[in-house]
Structure formats: C-alpha cells, structure tokens
Amino acid sequence: DTGVSQNPRHKITKRGQNVTFRCDPISEHNRLYWYRQTLGQGPEFLTYFQNEAQLEKSRLLSDRFSAERPKGSFSTLEIQRTEQGDSAMYLCASSSPTGMGYNEQFFGPGTRLTVL
Amino acid sequence: QQQVKQSPQSLIVQKGGISIINCAYENTAFDYFPWYQQFPGKGPALLIAIRPDVSEKKEGRFTISFNKSAKQFSLHIMDSQPGDSATYFCAASRGGNNRKLIWGLGTSLAVNP
C-alpha cells in the first residue's frame, strides 16, 4: 500500500497525559499537512511542512501541540497535557506539486483521539 | 466566519437519481476547488477537483460545475448508487506555498435502494 498511513488508528487517554501520533506520507511527497476534524465538521488546518521545514502553524495549534518532520519523511504530532476538548480525528495529508502548480492532497485514515 | 459555505447539510436521493451539492466562497484568491468523499471512520478521499479557468469538469459519474462570477461551484453525482452514501466536503485553497484546504461543513448523502 503506497498511500498515507497513520498510527495509531485509535488512542484513548486520560486528561493530562501526553500523546504522540505518527504520519507516513506517500513516498517522495514533499508537502505534509495536519488537520483536525471534530464530529459533524469539516477538517481544520493545523500545520504544514515542506520537506523538514514547518512553514505554517494555525492559531488552533496551542503551545501544548508540537509537530516535527525530521529528515522530511514521516511526521509526528504530539499533544501535551491533553484536555477533553482535544478529542477529535487527527488527519494527515501529503502532496507534491503537479505540473499545473496546484496540488492534490491525499489523506491518511486518521487517528481518533478520545480524552477521558 | 465560514469561508466556504456548503449546502444542503443532508440529502436523500433515490437510486439512479442525481445528487447535487452546492458550495459558495468569498475569497477570490482561491484557485483550486476539490471535492472529497468521506465514509465513517475513514479519512477524506479526493473525488474530483477544478480550477477557475474551466467551467465544468467530468470524471465518470461525477461532475463539477464552476461559476466564477457567482463564486459558486457544485458537485453532481449522476446515477447515484447506495455505495455513494457518504459525507461529501467541498474545499478551496489559494495560491502560494501553503496549499492548506479550507473546508465546507459537509453534506451527508443517503442513496436509497
């Protein structure tokens, strides 16, 4: 399978604990995005990487959130001191610019986080 | 403020019918408009996308109609099938290095057999 993969698929944690999610993009895709989706809503942008550089962070990404993409390959999203409001589906997408200059984002299956 | 407005919120169509979902946007800097399909518990899957230099794009049973002057675009699903039952999202992105997607709130489509 050459699509975007995310692990774990589900995570249940207690309030105050730290969690880390991993995203493996499509091979050779240099752009990677994290989004958050709550029930009944469309995804909301969290952060964007081009290769290993984190080029934009949403104001939704509080100080408790950090993301990395070492060596421009896989990415991790860490949430410290989780709160119940962090419960959501965390989606990762990757893309590479096409010849037309726009890009198509391909999504992974997501990680469903439940904070008790 | 919702930058991409999607309607209807839910839609019920009979098998073989046409499903139509509409979206409107305000930001004229948007230059890429994709539609995604999402099944429960899964990530969104890209269905079809359009740029504002064309008014229509068709791929199989799926067609996007784009009206640049009205700042509206729509998804038409021809010959709707029960397997099309899912949530559909329109989105938009603007030019520049970060092509982050701005999403509509989604339309829950149910196709009755």
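Because only heavy atoms are used, hydrogens play no part in the values below, and waters and symmetry mates are left out as well, while side chains stay in. So that the names make sense, note that chain A is the first sequence line, chain B the second, and so on, each numbered from 1. As the structure is a computational prediction, the values presented were derived from the model and not from experiment.
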Among H10(A), Q105(A), R9(A), single out the residue with the greatest number of heavy-atom pairs under 4.5 Å to chain B.
-> Q105(A)
For the candidates G110(A), P109(A), S58(A), which exhibits the highest count of non-hydrogen atom pairs separated by less than 4.5 Å from chain B?
->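 Going by pairs under 4.5 Å, I would pick P109(A).
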Do [X] and [Y] sit in the same hydrophobic cluster, where Ile, Leu, Val, Met, Phe, Trp and Tyr count as joined when their side-chain heavy atoms come under 4.5 Å apart?
| X | Y | result |
| --- | --- | --- |
| V4(B) | F66(B) | yes |
| V19(A) | L60(A) | yes |
| F107(A) | Y48(A) | yes |
| Y36(B) | L91(A) | yes |
| F73(B) | V54(B) | yes |

Interchain contact, Q37(A) with chain B, by part (heavy-atom threshold 4.5 Å) = side chain
Of the backbone (N, CA, C, O) and the side chain (C-beta and beyond), which part of Q41(A) lies under 4.5 Å from a heavy atom of chain B, both, or neither?
-> both
Checking [X] against chain A: side chain, backbone, both or neither under 4.5 Å from a heavy atom?
| X | value |
| --- | --- |
| L46(B) | side chain |
| P44(B) | both |
| Q38(B) | side chain |

Gap between atom [atom2] of [Y] and atom [atom1] of [X] - 0.5 Å precision:
| X | Y | atom1 | atom2 | answer |
| --- | --- | --- | --- | --- |
| K100(B) | E56(A) | NZ | CD | 3.5 Å |
| M89(A) | K42(B) | CE | NZ | 9.0 Å |
| Y35(A) | L101(B) | OH | CG | 4.0 Å |

What's the shortest heavy-atom distance between F89(B) and G42(A), and which atoms?
->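 Heavy atoms of F89(B) and G42(A) come nearest at CE2-CA, 3.4 Å.
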Nearest heavy-atom pair of Y32(B) and E104(A): which atoms, and what distance?
-> OH-CG, 3.5 Å
Counting only heavy atoms not in R64(A), do more than 12 sit closer than 6.0 Å to its CZ atom?
-> yes
Crowding at CD1, I12(B) (>12 non-hydrogen neighbours, <6.0 Å) |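 Open: at most 12 neighbouring heavy atoms sit under 6.0 Å from CD1 of I12(B).
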Which ILVMFWY residues are connected to I18(B), directly or by a chain of links, through side-chain heavy atoms under 4.5 Å apart?
->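 Reading the cluster by chain and number, I18(B) sits alongside I20(B), M78(B).
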